[in-house]
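What follows is a single structure, written as structure tokens, with notes after it.
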2 protein chains.
Amino acid sequence: MRLSQYFLPTLKETPSEAQIASHRLMLRAGMINQTTSGIYTWLPLGLKVLQKIENIVAEEQNRIGCHRVLMPTLQPASLWQESGRYEAYGKEMLRFKDRHDREMLYSPTNEEVITDIVRQYVKSYRALPQILYQIGWKFRDEIRPRFGVMRGREFFMKDGYSFDIDYEGAKASYEKIFQSYLTTFRRLGLTAIPVQADSGAIGGNLSHEFQIVAPTGESTIYYDEDYDQLSDQDMTLERLRNMYAAADEKHDPFQCPIPQERLKTARGIEVGHIFYFGTKYSKAMNLTVQGPKGELIIPEMGSYGIGVSRLVGAIIEASHDDNGIIWPDSVTPFHVGLISAKADDAQVEAAATALYQQLATRGFDVLYDDRSERIGVKFADMDLIGLPWQIVVGNKTIEHNTVELKNRRTGERQDLSIEACLTYLQKHIDV
Amino acid sequence: MRLSQYFLPTLKETPSEAQIASHRLMLRAGMINQTTSGIYTWLPLGLKVLQKIENIVAEEQNRIGCHRVLMPTLQPASLWQESGRYEAYGKEMLRFKDRHDREMLYSPTNEEVITDIVRQYVKSYRALPQILYQIGWKFRDEIRPRFGVMRGREFFMKDGYSFDIDYEGAKASYEKIFQSYLTTFRRLGLTAIPVQADSGAIGGNLSHEFQIVAPTGESTIYYDEDYDQLSDQDMTLERLRNMYAAADEKHDPFQCPIPQERLKTARGIEVGHIFYFGTKYSKAMNLTVQGPKGELIIPEMGSYGIGVSRLVGAIIEASHDDNGIIWPDSVTPFHVGLISAKADDAQVEAAATALYQQLATRGFDVLYDDRSERIGVKFADMDLIGLPWQIVVGNKTIEHNTVELKNRRTGERQDLSIEACLTYLQKHIDV
């Protein structure tokens, strides 16, 4: 993509309304634009990241045999009256009437709709277990939206729902998702700690939140210091089963099973939440299936969420420096940023354009800064938007056929011949 | 995908509420489920098709240099008051107040939000032309939703917006999109006729609807019989420029430039609509850019829509038979349907499973009907869901190492060795 033709409105000033790094950087990097309080338009750069995260989340769900559906944002109140939540839910739920005066709502979550679907089609225990998920937009009318996409009102979320014929099945589904979430977050370049949690409004007795440690987190979490020693490969359900980690509302200092000196406290950003809640919805909504002997079984359910739009902010909170964002390879909007150091010099411009073509031929997604801006502006913008690799084409390219390759995370720079640079990138980037 | 583990709730009975083929077939093929009037949940098979269409539409937009954004579904009334449409729009617009009593709406279209974005960032003529698009969910509170996803209330649409500094530029953008739409619809396996149209509520003076000829269409269109002779390759802007085609509201028999005997009348399904509307929104919302001499220019705009969820229905209307859907290759939810004719026979089952693996290795996306259902049920379901190729593994596979390959569109069947079948499919399917 040639930057001169792209839509990347970076800002030099720090927007005054943004209190945390991710919000500031997303606004400055031209990723989002606030349409109204807690509601954003995703600009091209932001949307690319959002879609990459969406794809990784979907791939990991599909890998473990979940099936993707898409439920509507607007739903009839009647379904929510069946579960009892239409009255119970607070002002976060947006309620309204349609032109025929029917009560409706904008979905904040989807236990009712998915239970309604399963009860219409699933009649036999043979069709279970089943895990259905969607990735879609939801709305919660937060009283004080803040932190950009981290606590917005309209947000993009993966929500999944498991249906099993008994507790053992439900527990197996829960653990399958638990393990899959560890993989998902790892692929996103994040270390997420699964902490025991009260399941709050949704109700139930088995629940974990997945928390990213970050000073700007809204939750307090308590966890065994051993977590900090775990390699990514060690983050397995088996390994974690006996390690302590709890959310604030669940942690009781007098009941804590590990000694005080091993207990760490940190701020966390919740990026996932899983619940087992038994027959709460299936019972209320009359979902039954026939068992092997013709008996009626009320399926056991769980629900599983990942905050996809929130993750964009969470990843930035976990990975940035004073100059801007540092994208993990898996979600970077472009693989490489290419800078023409002298856009007005025909030779440099020609060399940069030739390299742009060569990179494209090798399958790299490249953002080519071909603008006639000062080089300082180009460097600052490139650092700000956080692509993992930057290539500078300049006088040296003309004189010695070399380019400068910079690693955004380490800051390390090397002069390489064009061929060596291409070879290096092919070794370091998965396209 | 093994059908025994999938979520594909096909229906034997024809749902009584469905009046047209696509609505009936989408319900029967387990593609959608009605959540409430005019509002649907997309089940796994339907969602796969919807996403394939979305991807093709996005690819063709990106190819011509449009940039993808995503605007929120909920928008503040204030923006729509600036354009004057908040009052002008009828009951199709869903209006409500949030918890702070602020007036909001569920977006039926996005001229206001996109103009607001461009006016915030684009200050110079140098940043134009620019075409921004999104593919997102919209809501129009139709008084009588019907025909399934063809006239639903919550629907998925591509909407794009062009910004140019003068009429010539705007016309060039319009023609670029026009040509791109022809390619898009052709890739979807459709022949869309661009008919001159009044631009109705949106206002303006240059407008085309893209219509698929189908007996169940809601519009009447008039067109030169030469259209029926055009090959796909001949459907270019240059060629069409002088051929007559008009929507009902635009066609005037007394002004028609072609002789009566060459004029054809047909029913059409509108799948795309493009408008040029000049400075209507840019003027109302104070969007200006600085010209080369420092003068203020009010950009000229156009908007361009494709009904993505509607297209699922339109494609089925254009491509089905008495037994079910017949998917064009480009949007089929799976490339191949594999049927084990005797699921209870261990040898047949093993042969089918082995072939399933071989097909997967070659990159084919296969739906493998491994259920212990009667063979008649399997054949009927496979015809219903409309995958282009069906392979039957049965006794002959065990005895002669052959399978039956059926072309869903022509009905043609051939017995082929497994190797020959794989080779044949590799030649006929783009993976």
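Every chain is numbered from 1, with letters handed out A, B, ... down the list of sequences. In what follows, every heavy atom counts, from backbone to side chain, and hydrogens, waters and symmetry copies are set aside.
- Contact annotation for A:Gln134: neither backbone nor side-chain heavy atoms come within less than 4.5 Å of a heavy atom of chain B.
- Looking only at distances, no side-chain donor or acceptor of B:Asn33 sits under 3.5 Å from a matching main-chain atom of A:Ile117.
- Looking at B:Arg2, there are no atoms closer than 4.5 Å to chain A (heavy atoms on both sides), in backbone or side chain.
- Between A:Leu47 and B:Arg68, the shortest heavy-atom distance links the atoms CD2-CG, 3.4 Å.
- Looking at A:Arg153, the atoms closer than 4.5 Å to chain B (heavy atoms on both sides) all sit in the side chain, from C-beta outward.
- Looking at B:Ile143, both its backbone and its side chain come within 4.5 Å of chain A, counting heavy atoms on both sides.
- Between the CZ atom of A:Arg99 and the CZ atom of B:Arg140 there is a distance of 13.0 Å, given to the nearest 0.5 Å.
- Counting only distance, with no hydrogens or angles, the side chain of A:His67 and the backbone of B:Gln5 share a donor-acceptor pair below 3.5 Å.
- For chain B, the option among A:Thr73, A:Ile114, A:Leu79 with the highest count of heavy-atom pairs below 4.5 Å is A:Thr73.
- Expressed to the nearest 0.5 Å, how far NE2 of A:His100 lies from OG of B:Ser37 amounts to 6.5 Å.
- Minimum heavy-atom separation, B:Lys97 to A:Leu94: O-CD1, 4.0 Å.
- One distance of note links CG of A:Asn110 with OG1 of B:Thr41; it measures 8.0 Å at 0.5 Å rounding.
- Of all heavy-atom pairs between B:Gln130 and A:Tyr6, the closest is NE2-O, 3.5 Å.
- Looking at A:Gln75, its side chain never comes within 3.5 Å of a backbone N or O of B:Thr35 through a donor-acceptor pair.
- Remark: A:Lys91 NZ is loosely packed, at most 12 non-hydrogen atoms of other residues, nucleotides or ligands lying under 6.0 Å away.
- Only the side chain of B:Leu11 comes within contact range of chain A, judged by heavy atoms closer than 4.5 Å.
- Heavy atoms only, all atoms of each residue included: B:Tyr121 and A:Ile32 are closest at OH-O, 3.8 Å.
- For A:Arg126, no part lies near chain B; criterion is any non-hydrogen pair under 4.5 Å.
- Contact count against chain B (heavy-atom pairs under 4.5 Å) is highest for A:Trp42 among A:Trp42, A:Phe96, A:Phe139.
- When each of B:Phe156, B:Trp137, B:Tyr40 is paired with A:Leu70, the side-chain contact (heavy atoms from CB on, under 4.5 Å) condition holds for B:Trp137 and for no other.
- Listed here is the closest heavy atom pair of A:Ile39 and B:Leu74: CG2-O, 3.5 Å.
- Only the backbone of B:Glu142 has a heavy atom closer than 4.5 Å to any heavy atom of chain A.
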